[in-house]
Each structure stands twice: as structure tokens, then as C-alpha cells.
Amino acid sequence: MKVDGNHLRTIAPGADGWSVDIIDQTKLPHVFEIKNLRTLDQACRAIRDMLVRGAPLIGATAAYGLCLAVREDPGFEAIDAACEKLSATRPTAVNLNWALANMRAVLRDVEPHRRAEVAYRHAAGLCDEDVAVNRAIGEAGAALIAEAGRGGREMVNVLTHCNAGWLATVDWGTALSPVYAAHDAGIDVHVWVDETRPRNQGAALTAWELSRHGVPHTVIADNTGGHLMQRGQVDLCIVGTDRTAANGEVCNKIGTYLKALAARDNRVPFYVALPSSTLDAALADGDQVPIEERDAGEVTHVTGVDPGGEVRSVRVTPAQSAAANYAFDVTPARLVTGLITERGVVEAKRESLRAAFPEKYAAQ
Ligand code: MRU
């Protein structure tokens with residue numbers, strides 16, 4: 001995607017060829033800052049503290065975090081310890097463990113003195129694969145958007161939740177990739193952006209990247225989607241996923257389930273953009289997905305910029321009130337119209353997923 005005219009990926013090797021550049025997403029939309037990661041611990045912190053976030057980007061950062069570790073110590077004991085450390089940073093997005101397992105399997109058969117070189121090459125390959133997969137999701141999803149707008153004759157309103165865009169992946173995004181592809185093809189598309197409390201990934205990140213790309217959009221409070229659907233102002237919903245179970249149940253940012261319920265009640269198609277790296281065929285159903293619980297401070301406080309340009313955090317709840325912060329929820333497969341994958345649109349059913357991704361189910 002382009003930021004101020006320059007094509008940028010969200011993660012890339014630094015100028016020295018071995019450190020890793022990321023965008024510090026905790027500072028957006030107020031400050032655009034590239035941060036340079038040089039150690040395994042810095043990579044772990046970047047994932048845990050959500051400088052990088054979004055399932056595919058978490059996976060890509062874990063892969064590069066492992067490169068930083070292998071550079072320090074290419075022994076397999078150290079590699080396993082690094083995998084364990086990276087794996088413990090965030091529990092829900094399966095891409096994290098997918099990327100680590102992938103890297104580990106490749107490094108196993110390599111002589112220790114060549115492991116760092118191979119690790120960097122493989123991490124770069126995983127990133128390129130993410131970009132290609134997202135482009136394919138974009139093409140498949142853009143066809144749905146075009147269809148909703150009668151082949152480009154009418155404006156299409158898409159509702160999305162959280163940020164499953166460029167910032168959540170290496171490039172293009174998953175749920176937003178169809179939006180970019182449709183917009184670039186000249187289709188008149190407008191996006192309703194759920195703010196996505198408590199961390200406001202919609203208001204801060206989705207709105208920022210859509211504005212950079214010039215896609216018309218409107219930020220709405222999280223509770224607004226149902227009302228808009230009742231009034232016929234949403235043509236389709238497209239969201240991302242952090243882990244989709246073998247039976248097609250979708251775990252995504254908290255609040256996704258409520259949007260899916262409202263969509264069903266109003267006969268609005270509800271699509272989930274699913275790169276195969278996010279399909280966890282080893283998990284029978286969504287009940288088994290580990291749901292991250294984050295610091296209650298994300299609920300009790302909001303962060304924003306004051307009129308003087310200073311970024312501040314302010315409390316919005318009484319100091320005496322307890323707060324809970326469940327970061328994800330599970331949407332039953334029956335509420336999902338289709339899964340937009342790199343192999344086309346697939347029904348949210350075990351048999352359909354198995355037919356589309358037999359290699360994922362072969363080991364189960
Ligand atoms: O907590 P986050 O910001 O990492 O959650 C991100 C989401 O829920 C996205 O929808 C999901 O990772 C899909 S990203 C393409």
C-alpha cells in the first residue's frame with residue numbers, strides 16, 4: 001500500500017539487512033513511526049504490546065523474531081526456547097504458531113552455520129506468500145462487491161470490524177483487500193468502519209489506511225451496525241479472522257458475533273476473509289480457541305490526541321468499577337455467508353473447507 005506516495009510493507013528487513021523494520025501501530029493515527037527491532041525480546045514485546053497486530057502480521061513478526069534469535073544462537077535448544085517465547089506473546093491468532101512451526105521445520109534440516117541465512121530467506125518467503133494470498137482474496141472478494149453493486153452501476157456499502165487491512169498483514173489486508181481491489185477497479189465503494197472498542201483498531205487503523213488510499217469511509221460507534229442494516233444501508237459485511245476452526249467457526253475481534261447476528265436478522269451477507277494460514281484444521285470447533293483476555297485498563301481508559309497535539313490517555317469509568325477485557329469472540333458457522341479465501345469463496349463447513357484445503361486436513 002502507499003503511504004504518502006511511497007509503497008510500503010508493514011514489515012521488512014532494515015537498512016542493515018538483518019534488523020527488522022515495523023510500523024509502531026500504537027502511535028497511529030496520530031504519529032507514523034517506523035521502529036527497528038534488533039533482538040528477540042524486542043520482537044516479543046512488539047507483538048505482546050501490539051506495536052504489530054492482526055493475525056498475519058503477528059505471524060510474519062514471529063518469523064522475523066526467530067531470525068533475530070537464530071542470528072544470536074543457531075543451536076536448536078536456543079531455537080526451541082525462542083519459539084516458546086514468541087508463542088507465549090498472544091494466544092488467539094493461529095498464524096503465530098503456524099509461522100513458527102513452518103520456520104522450525106525448515107531450519108531442522110539445515111547445518112547450524114547456515115541457519116540464519118536460511119531463516120531470513122524463509123521469513124521473506126512467508127511474507128511474499130502473505131502478500132500473494134491477500135491479493136487473491138482481494139480478487140475473489142472484489143467480485144462479490146461488484147455483484148452487490150450490480151456490476152458497478154450502484155454504490156456499495158461494506159461494513160467492517162476491527163482492522164483486517166494492510167496494517168494487519170504484510171500488504172493489502174484480508175477483509176480490506178477486496179475493498180482496495182474494488183476501489184482500484186473503479187467500483188464506487190464506501191466502508192462503514194466500526195470503531196472497535198476497547199483498542200479502537202477501526203477508528204485508529206482502518207480509518208487511517210482507508211484515508212491514505214482514498215477510499216470513502218465513515219467511522220461509526222460499535223453499536224451502530226444493526227441500525228444501519230435495518231435501514232438498508234449495509235450491502236455486505238466483510239471481517240477478518242484470527243483463527244477459523246475445522247468446522248468453519250470463526251474467531252475474530254470481540255463484537256464480530258453481534259454483527260453477524262444483526263446481519264442474519266437483516267439478510268445482509270456476512271463474509272469472512274480467511275487466508276489459509278489462519279485456518280486451524282487441528283481444532284474441531286470454535287469453543288476450543290483460546291480467547292485472549294487483556295488488561296482492563298484498555299476498557300477503563302481511552303487514548304486520543306488533545307487540541308495541543310499531545311497524545312493522552314483518560315479514564316472513562318468510575319475508579320471503583322471492575323472492568324473485563326475479552327479480546328475475541330466466536331461466530332458460529334451458520335451465520336457466515338462465505339469464507340473468502342485465496343482459493344475462492346468457500347462455504348463455512350468442514351466438508352467444503354476440507355475440499356478446498358485438503359493439505360490442511362490431511363494430518364488430522
Ligand atoms: O487484537 P488485534 O488487533 O490483533 O485483532 C485483529 C483482528 O481481530 C483482525 O480482524 C484479525 O487479526 C484478522 S487480520 C487480517
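Counting starts at 1 for both ligands and their atoms, in listed order. Every value quoted in this text rests on a predicted model; they were computed, and no experiment measured them.
- Neither the backbone nor the side chain of A327 comes within 4.0 Å of ligand 1, counting heavy atoms alone.
- Shown in contact with P56 at under 4.0 Å from a heavy atom are these atoms of ligand 1, numbered in order with element: 14 (S), 15 (C).
- In terms of polar-atom proximity, defined here as any N/O pair under 3.5 Å, T169 makes no such contact with ligand 1.
- Among all non-hydrogen protein atoms, the one lying nearest atom 12 (O) of ligand 1 is A55 N, 2.9 Å.
- The proximity of T278 to ligand 1, defined as any non-hydrogen pair under 4.0 Å, does not occur for either the backbone or the side chain.
- Ionic pairing of D280 and R243 is present here: one or more N-O contacts between side-chain nitrogen and carboxylate oxygen are shorter than 4.0 angstrom.
- Here the side chains of D194 and I220 are in contact, with some heavy-atom distance below 4.5 Å.
- Contact annotation for R90 and ligand 1: only side-chain heavy atoms (C-beta onward) come within less than 4.0 Å of the ligand.
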From CA spacing to verdict: side chain to side chain donor-acceptor pair (under 3.5 Å), E209, N163: CA-CA 9 Å; E209 59 166 272; N163 173 265; 3.1 Å; yes

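- Side-chain atoms of E310 never come within 3.5 Å of backbone atoms of D306 as a donor-acceptor pair (strictly under, hydrogens ignored).
- Nearest approach of L283 to A245, heavy atoms of both residues: O-CB, 3.5 Å.
- With a 4.0 Å heavy-atom cut-off, ligand 1 is reached by no atom of V239.
- Among the atoms of R53, some N or O lies under 3.5 angstrom from an N or O of ligand 1.
- Near N163, meaning under 4.0 Å from one of its heavy atoms, ligand 1 places the atoms 9 (C).
- Among protein heavy atoms, the minimum distance from atom 9 (C) of ligand 1 is reached at N252 OD1, 3.5 Å.
- Geometrically, ligand 1 and G240 share no nitrogen or oxygen pair separated by less than 3.5 Å.
- Contact between H161 and ligand 1 is absent, with no heavy atom of the residue lying under 4.0 Å from the ligand.
- In Q201, the part holding a heavy atom less than 4.0 Å from any atom of ligand 1 is the side chain.
- The backbone N or O of D222 sits less than 3.5 Å from a side-chain atom of K259, completing a donor-acceptor pair.
- D171 places no side-chain N or O within donor-acceptor distance of the main-chain N or O of R9, the cut-off being under 3.5 Å.
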Please list, one pair per line, the donor and acceptor atoms closer than 3.5 Å that link side chains of residues 91-99 to other protein atoms, with sequence neighbours excluded.
from	atom 1	to	atom 2	distance (Å)
T92	OG1	P290	O	2.7
T92	OG1	E292	N	3.1
N95	OD1	T278	OG1	3.2
N95	ND2	S277	OG	3.1
N95	ND2	T278	OG1	3.1
N97	OD1	S87	OG	2.9

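- Of all atoms in ligand 1, numbered sequentially from 1 with element shown, those under 4.0 Å from a heavy atom of T174 are 15 (C).
- When only non-hydrogen protein atoms are considered, atom 11 (C) of ligand 1 lies nearest to D242 OD1, 3.0 Å.
- Screening R104, K85, R108 for a salt bridge (charged side-chain N to carboxylate O under 4.0 Å, His left out) involving D80 leaves a single residue, R104.
- For G173, the closest heavy-atom approach to ligand 1 does not fall below 4.0 Å.
- Ring geometry, H183 versus H213: the interplanar angle exceeds 60°, so the pair is classed perpendicular (tilted spans 30 to 60°).
- Considering only heavy atoms from C-beta on, L353 comes within 4.5 Å of L274 through its side chain.
- N134 contributes a side-chain N or O that, together with a main-chain N or O of D130, makes up a donor-acceptor pair within less than 3.5 Å.
- Polar contact with ligand 1: present for G54 (N/O pair, distance under 3.5 Å).
- By the criterion of a heavy-atom distance under 4.0 Å, the side chain of C162, and not its backbone, is placed next to ligand 1.
- Shown in contact with K253 at under 4.0 Å from a heavy atom are these atoms of ligand 1, numbered in order with element: 1 (O), 2 (P), 5 (O), 8 (O).
- Formation of a donor-acceptor pair under 3.5 Å by the R197 side chain with backbone atoms of V299 is found in this model.
- Applying the 4.0 Å criterion to heavy atoms of M50 picks out, from ligand 1, the atoms 1 (O), 2 (P), 3 (O).
- In terms of protein heavy-atom proximity, atom 14 (S) of ligand 1 is nearest to A168 CB, 3.5 Å.
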